[in-house]
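When a ligand or atom number is given, it counts from 1 through the structure's own listing order.
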Amino acid sequence: MIGKTFLPKSLFGRALLILILPTVLTQLLMAYIFFDRHWDNVTRHLSEAFAGDVALIIDQLKTIPESHRAKLIKDFEEDTSTSVNLDPPEAFKPEYATHEFPEFQEFLRHNGGEKFTVRKIDNNTTIEIRVQLPKETLRLETTVKRLESRTTVIFIWWMIGATSVFLLVAVIFLRNQIRPIRRLAEAADNFGRGVDMPDFRPSGANEVRRAARAFIVMRERIKRQIRTRTDMLSGISHDLRTPLTRMKLQLAMLGEKEGASELRADVQQMEHMIGEYLDFARGEGGEEAVRTPLRDLLEDVVRDYQRLNSKVTFAGGEMIFTSLRVSAFRRVLHNLIDNALRYGKSCTLTLRRTVNYCEILIDDEGPGIPEDKREDVFKPFNRLDPSRNIKTGGVGLGLTIARDVVLAHGGAISLETSPSNGLRVIIRLPL
Ligand SMILES: Nc1ncnc2c1ncn2[C@@H]1O[C@H](COP(=O)(O)OP(=O)(O)O)[C@@H](O)[C@H]1O
Ligand SMILES: [Mg+2]
């Protein structure tokens with residue numbers, strides 16, 4: 001549950017997490033132990049030493065005669081690099097008391113009964129200690145380094161810095177390891193959409209290379225299989241054409257004899273079927289994609305139908321340019337419009353633009369296709385009329401061809417219900 005929601009989805013993110021988490025945790029643990037033990041020890045020792053110094057000068061100031069004071073202060077200042085000043089009694093201000101350096105204050109309190117204040121001055125670089133003596137105020141100033149171990153802070157910065165640099169290096173290397181996997185996914189994706197990536201080469205770690213090689217072998221086998229089948233289909237169709245032509249000739253010579261017209265209709269139908277088989281087997285191979293004004297193309301196709309008095313209308317749309325294999329795409333439109341006219345009696349084309357795509361809608365007013373059959377009709381030779389009665393339509397390749405061509409354009413084709421409860425075919429093309 002938690003893993004599904006919060007863990008990164010990408011391999012890169014996950015690998016990074018696996019890398020960063022232990023590193024950061026180790027560092028935190030180390031830093032904690034270091035602070036807890038080492039830092040405490042160091043501060044305690046520093047505090048104890050300095051508190052001893054302070055107690056010493058207080059003691060001596062109280063006991064030795066006035067005449068020796070100057071020398072005592074000079075010696076003390078030299079030995080401990082602490083500046084010593086004797087101020088008038090009113091210089092002692094209880095409000096200067098702070099809770100800075102608690103260990104030090106604790107030691108100081110133990111060493112003598114005098115009242116004192118400890119605070120930081122000069123931008124926290126200096127410690128000022130004022131002690132109330134019987135006749136004056138003793139003011140000591142020294143650098144905070146006497147009580148704070150700077151090396152600890154430096155150590156932490158080194159740790160963070162070094163870790164960041166190493167992580168950065170790791171991230172760069174990791175990226176390079178992930179790239180071949182991304183490329184493999186892309187190649188598989190493209191192959192699925194019918195876009196060839198001939199320059200795809202296995203690269204990266206051994207395991208990724210193996211997967212890539214397996215993919216290439218699989219791709220070649222699938223291609224070969226498809227080629228064999230379409231070659232066979234187009235071979236059969238071609239071969240059938242010759243006897244069909246001969247039959248047509250003989251029928252023409254028969255003239256208006258009994259049964260000749262039925263035979264003629266059958267031959268015509270067979271020709272039509274063979275035409276469709278050939279369309280399918282031919283695919284759209286070879287044709288180059290060119291930038292085409294989509295609206296003009298649709299208007300052109302619609303006009304062709306209207307000339308034959310078909311109920312096809314164009315509902316309009318924006319001016320959109322896409323790169324198209326024009327004759328293959330025309331064939332798609334013909335297949336879909338023919339379907340709409342045959343099964344749906346009328347047809348409306350609409351062109352519209354969405355964010356990254358343009359959509360062509362082909363609506364009809366027929367019975368539509370039930371939702372559970374909408375995937376099946378795209379399969380080759382699949383028709384909803386189980387009798388396979390050729391009089392009610394084609395051979396069941398129209399939608400198959402349409403999907404092949406649209407996928408090869410990097411687009412998608414789907415079926416929905418039209419506003420008049422008929423079928424709506426949506427062709428989505430990338431802009
Ligand atoms: N506009 C439509 N309305 C209802 N059914 C349709 C429509 N278009 C296609 N179909 C169904 O989908 C099947 C497959 O269509 P298609 O691949 O073009 O083959 P064909 O038209 O050669 O039968 C058709 O046989 C028909 O049953
Ligand atoms: Mg059809």
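In summary, Arg109 and Glu106 engage in a salt bridge, as defined by a charged side-chain N under 4.0 Å from a carboxylate O. Note on Glu375 versus Arg403: salt bridge recorded, some NZ/NE/NH1/NH2 to OD/OE distance being below 4.0 Å. A salt bridge links Arg119 to Glu128: one of the charged nitrogens lies within less than 4.0 Å of a carboxylate oxygen. Checked for salt-bridge contact, Glu359 and Arg352 meet the test: a charged N lies under 4.0 Å from a carboxylate O. Using a cut-off of 4.0 Å between Lys/Arg side-chain N and Asp/Glu carboxylate O, Arg130 and Asp87 are scored as not salt-bridged.
Distances from atom 2 (C) of ligand 1 to the heavy atoms of Asp364, Asn382, Val377, Thr400 show the closest one on Asp364. Of all the listed residues (Arg424, Arg383, Lys345), Arg383 holds the heavy atom that lies closest to atom 23 (O) of ligand 1. Of all the listed residues (Val425, Asn339, Asp363), Asn339 holds the heavy atom that lies closest to atom 8 (N) of ligand 1.
For CD of Glu95, the number of neighbouring non-hydrogen atoms (other residues, nucleotides, ligands) closer than 6.0 Å is greater than 12.
Side chains of Leu184 and Phe200 form a contact here, defined as non-hydrogen atoms less than 4.5 Å apart.
Heavy-atom proximity to Val395, at under 4.0 Å, picks out these atoms of ligand 1: 22 (O). Heavy-atom contacts of Leu423 reach the following atoms of ligand 1: 1 (N), 2 (C), 7 (C) (cutoff under 4.0 Å). The distance from ligand 1 to the heavy atoms of Arg342 drops below 4.0 Å at these ligand atoms: 21 (O).
Within the 4.0 Å heavy-atom criterion, neither part of Asn335 lies near ligand 1. With a 4.0 Å cut-off on non-hydrogen atoms, Leu399 touches ligand 1 through its backbone as well as its side chain. Residue contacts with ligand 1 for Leu384 involve both N, CA, C or O and side-chain atoms from C-beta outward (heavy atoms, distance under 4.0 Å).
Of the inter-residue distances, the one linking Ser420 atom OG with Asp364 atom CG reads 7.0 Å to the nearest 0.5 angstrom.
The shell of residues lying under 4.0 angstrom from ligand 1, judged by heavy atoms, excludes Lys373. At least one heavy atom of Gly368 sits under 4.0 Å from some atom of ligand 1. In this structure, Gly396 is part of the shell of residues with a heavy atom less than 4.0 angstrom from ligand 1.
Not one N/O/S atom of Asn335, from backbone or side chain, sits under 2.8 Å from the Mg ion (ligand 2).
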Evaluate side chain to side chain contact (heavy atoms under 4.5 Å, CB included) for Asp338 paired with Tyr305, printing each intermediate quantity in order.
CA-CA 10 Å; Asp338 284 347; Tyr305 275 96; 2.8 Å; yes
